[in-house]
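Down below is the structure, laid out as structure tokens.
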Protein chains: 2
Amino acid sequence: MAQNGKLATDLVQKLERDIVTGVLKPGDKLDERSLSERFGVSRTPVREALQTLAGSGLVATMPRRGTIVASITVAELIEMFEVMAELEAMCARLAARRMPRVDIDNLIALADECSALQEHADADAYYEANVRFHEAIYAGCRNSFLERQTKNVRNRLAPYRRLQLHRPGRVKKSNNEHADILSAISNGEADIAGKLMQQHVAVQGEALNDLLAIVPRGYLEPLAS
Amino acid sequence: MAQNGKLATDLVQKLERDIVTGVLKPGDKLDERSLSERFGVSRTPVREALQTLAGSGLVATMPRRGTIVASITVAELIEMFEVMAELEAMCARLAARRMPRVDIDNLIALADECSALQEHADADAYYEANVRFHEAIYAGCRNSFLERQTKNVRNRLAPYRRLQLHRPGRVKKSNNEHADILSAISNGEADIAGKLMQQHVAVQGEALNDLLAIVPRGYLEPLAS
DNA sequence: CTATGCAATTTTGTATACCAGAGATGCGTT
DNA sequence: AACGCATCTCTGGTATACAAAATTGCATAG
């Protein structure tokens with residue numbers, strides 16, 4: 001999409017990965033000079049990269065005050081999860097209608113992978129497999145624009161979403177929900193698949209309170225922005 | 001969101017307006033040098049602005065080959081309308097549940113405005129009022145993230161959406177649909193409001209063919225990207 | 001007359017230098 | 001001792017200069 005120069009593109013990908021995987025945490029300062037030295041390029045491509053990331057919402061830059069990894073407010077977090085749930089629901093609905101058999105078989109394999117990892121109570125490994133399962137459904141909707149939009153929101157929520165699974169019992173519950181979603185998609189029951197996915201992703205009531213309770217300091221900023 | 005320098009921000013807004021309002025058409029070349037001369041600034045803020053616009057998808061830049069106003073493929077157009085319909089449907093659903101009375105009254109006024117303009121068969125004036133009506137519903141969903149996402153997609157579709165209303169009879173039909181949507185929102189019937197909005201925005205079957213038929217040359221590019 | 005290849009020009013991508021604004025720090029005054 | 005103002009420094013914003021790549025046009029050969 002944002003096709004900048006080669007150096008800048010590389011930087012975008014590296015920084016994106018670091019942010020999504022949690023190496024860089026919300027609130028971390030991204031100094032242009034240090035970045036340019038660290039990567040051995042001038043400030044220009046660094047600025048372009050930060051610009052691009054700001055466009056996708058992963059970082060926030062205040063004029064004359066520098067750039068930081070985007071930290072969002074509680075209100076925004078709730079809003080974004082609300083939208084995320086609906087986008088994924090749409091993916092699931094469309095996937096139920098459009099996903100070819102061979103891809104469904106692949107989806108089944110990914111679900112099995114999740115189940116296998118769930119036994120070992122390794123939240124991080126499960127998280128990775130979970131991402132693959134969800135991405136397979138994004139791809140199944142056969143709407144690459146929707147797929148991009150969904151991934152974009154997912155990336156922005158990644159630092160927070162990762163925390164969810166560290167709640168005791170959540171991994172098991174998540175895995176059970178996968179089974180139901182999978183069967184709905186496999187049976188072509190679009191509305192059911194959508195509804196299940198919506199509930200799977202939405203963070204409401206108790207779950208929201210639990211999530212907010214374990215969000216580290218600095219991941220959220222006060223409402224006054 | 002993308003807080004760049006003052007000059008760059010100005011440029012973003014100007015170019016955005018020109019693209020959304022159709023002054024700049026899909027496929028138009030955006031030369032950095034001419035733009036910098038035209039606005040009396042150096043190339044740097046121009047590049048930043050183009051970068052930002054590329055991030056939001058309004059322009060496309062190919063490395064070493066320059067930047068043009070984004071022209072999308074038929075496939076993308078269909079995909080984007082599909083997502084747009086769902087985003088607006090979500091706005092309508094939430095608006096039906098959350099919109100305060102006073103805002104609904106305002107929405108009624110906007111619908112009346114549309115009706116009044118519809119009589120005069122002035123497609124452009126109707127288009128503007130139509131935008132205000134829809135934006136009031138975006139605001140009514142009380143989810144500013146969803147509002148931003150929706151507006152972003154809407155902007156990208158603007159050059160094509162504008163064409164829709166020039167189809168004979170479409171304005172009248174659109175206006176009738178507004179009335180139904182309005183009453184559903186007013187009555188708090190979320191699912192109905194969503195469904196109506198989805199159908200209102202979606203471009204399917206005959207309507208899609210009609211739209212494609214009147215899209216000017218250059219607005220669409222061949223599928224091979 | 002056409003096609004291919006080379007060269008020149010145009011335009012983008014990168015680096016660097018310069019400028020301006022915001023925050024920090026220290027000194028003076030009350 | 002505390003508050004306020006001024007200055008100083010650090011960081012971002014802008015301009016410009018330079019390098020690399022792509023397109024275009026012309027020339028030459030088939």
Side-chain angles (χ1 to χ4, degrees), chain A residues 1-16 19 24 26-71 218 221-222 224-225, chain B residues 1-16 18-19 24-71 218 221-222 224-225:
Chain A
M1 176 164 47
Q3 280 288 23
N4 21 24
K6 202 176 149 302
L7 292 184
T9 307
D10 282 359
L11 286 179
V12 168
Q13 287 171 0
K14 279 184 183 136
L15 290 173
E16 197 168 40
I19 293 172
L24 289 168
D28 283 1
K29 203 156 171 19
L30 295 172
D31 179 63
E32 295 181 358
R33 278 188 167 80
S34 346
L35 286 175
S36 73
E37 285 171 10
R38 182 169 145 218
F39 291 107
V41 298
S42 85
R43 274 180 56 215
T44 308
V46 171
R47 280 182 65 81
E48 307 242 322
L50 293 179
Q51 193 81 12
T52 299
L53 290 170
S56 72
L58 280 175
V59 307
T61 117
M62 285 93 77
R64 303 273 174 197
R65 303 202 30 198
T67 302
I68 58 171
V69 178
S71 69
E221 55 181 36
S225 112
Chain B
M1 177 164 48
Q3 279 288 25
N4 21 25
K6 202 174 150 302
L7 292 183
T9 307
D10 281 359
L11 287 178
V12 168
Q13 287 171 358
K14 279 185 184 137
L15 289 173
E16 197 168 42
D18 281 356
I19 293 171
L24 289 168
K25 300 189 196 330
D28 282 1
K29 203 155 174 10
L30 294 173
D31 180 59
E32 294 179 4
R33 183 181 295 274
S34 357
L35 286 175
S36 72
E37 285 171 8
R38 183 169 144 219
F39 291 106
V41 297
S42 87
R43 274 180 55 217
T44 308
V46 170
R47 277 182 69 81
E48 307 242 322
L50 292 179
Q51 192 82 14
T52 298
L53 290 170
S56 72
L58 280 174
V59 308
T61 116
M62 285 94 78
R64 302 271 174 196
R65 304 203 30 200
T67 302
I68 59 171
V69 177
S71 69
E221 55 182 33
S225 117

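Numbers restart at 1 for each chain; the letters A, B, ... are given by sequence-line order, proteins then strands. All values below come from the heavy atoms of this structure, side chains included, with hydrogens, waters and symmetry mates left out.
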May I have the distance from [X] (atom [atom1]) to [N] (atom [atom2]), rounded to whole angstrom?
X: E48(B); N: dG13(C); atom1: CD; atom2: C1'; value: 14 Å
X: L7(A); N: dA21(D); atom1: CG; atom2: C1'; value: 14 Å
X: L11(A); N: dG13(C); atom1: CG; atom2: P; value: 15 Å
X: M62(A); N: dG21(C); atom1: CE; atom2: P; value: 18 Å
X: E37(B); N: dA15(D); atom1: CD; atom2: C1'; value: 14 Å
X: R65(A); N: dG23(C); atom1: CZ; atom2: C1'; value: 8 Å
X: D31(B); N: dT12(C); atom1: CG; atom2: C1'; value: 10 Å
X: R47(B); N: dG13(D); atom1: CZ; atom2: P; value: 16 Å

With the side chain counted from C-beta on, respond yes when L53(A) and L15(A) share a heavy-atom pair under 4.5 Å apart, and no when they do not.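 Yes, side chains in contact.
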Go through [options] for me and flag the one nearest to the [X] side chain.
X: R64(A); options: dG13(C), dT16(D), dG12(D); answer: dG12(D)
X: P45(A); options: dG13(C), dT14(D), dT14(C); answer: dT14(C)
X: S42(A); options: dA15(C), dG13(D), dG13(C); answer: dA15(C)
X: T44(A); options: dA15(C), dA15(D), dG13(C); answer: dA15(C)

side-chain hydrogen bond (donor to acceptor under 3.5 Å, both in side chains) between T52(B) and Q51(A), intermediate numbers included: CA-CA 7 Å; T52(B) 298; Q51(A) 193 81 12; 3.0 Å; yes
Check every strand shown and say whether R43(A) touches a base, only sugar-phosphate, or nothing at a heavy-atom separation below 4.0 Å.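 It contacts base atoms.
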With a non-hydrogen cut-off below 4.0 angstrom, is R33(A) in contact with a base, only sugar-phosphate, or nothing?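 Touches a base.
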Compare every heavy atom of G57(B) with every heavy atom of A70(B), then report the nearest pair and how far apart it is.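 Heavy-atom minimum between the residues: CB-O, 3.4 Å.
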Heavy-atom pair with the smallest gap, counting every atom of A8(B) and P45(B):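 That would be CB-O, 3.8 Å.
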Would you say S34(A)'s side chain and L30(A)'s backbone share a donor-acceptor pair under 3.5 angstrom?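 Judged by distance alone, no pair lies under 3.5 Å.
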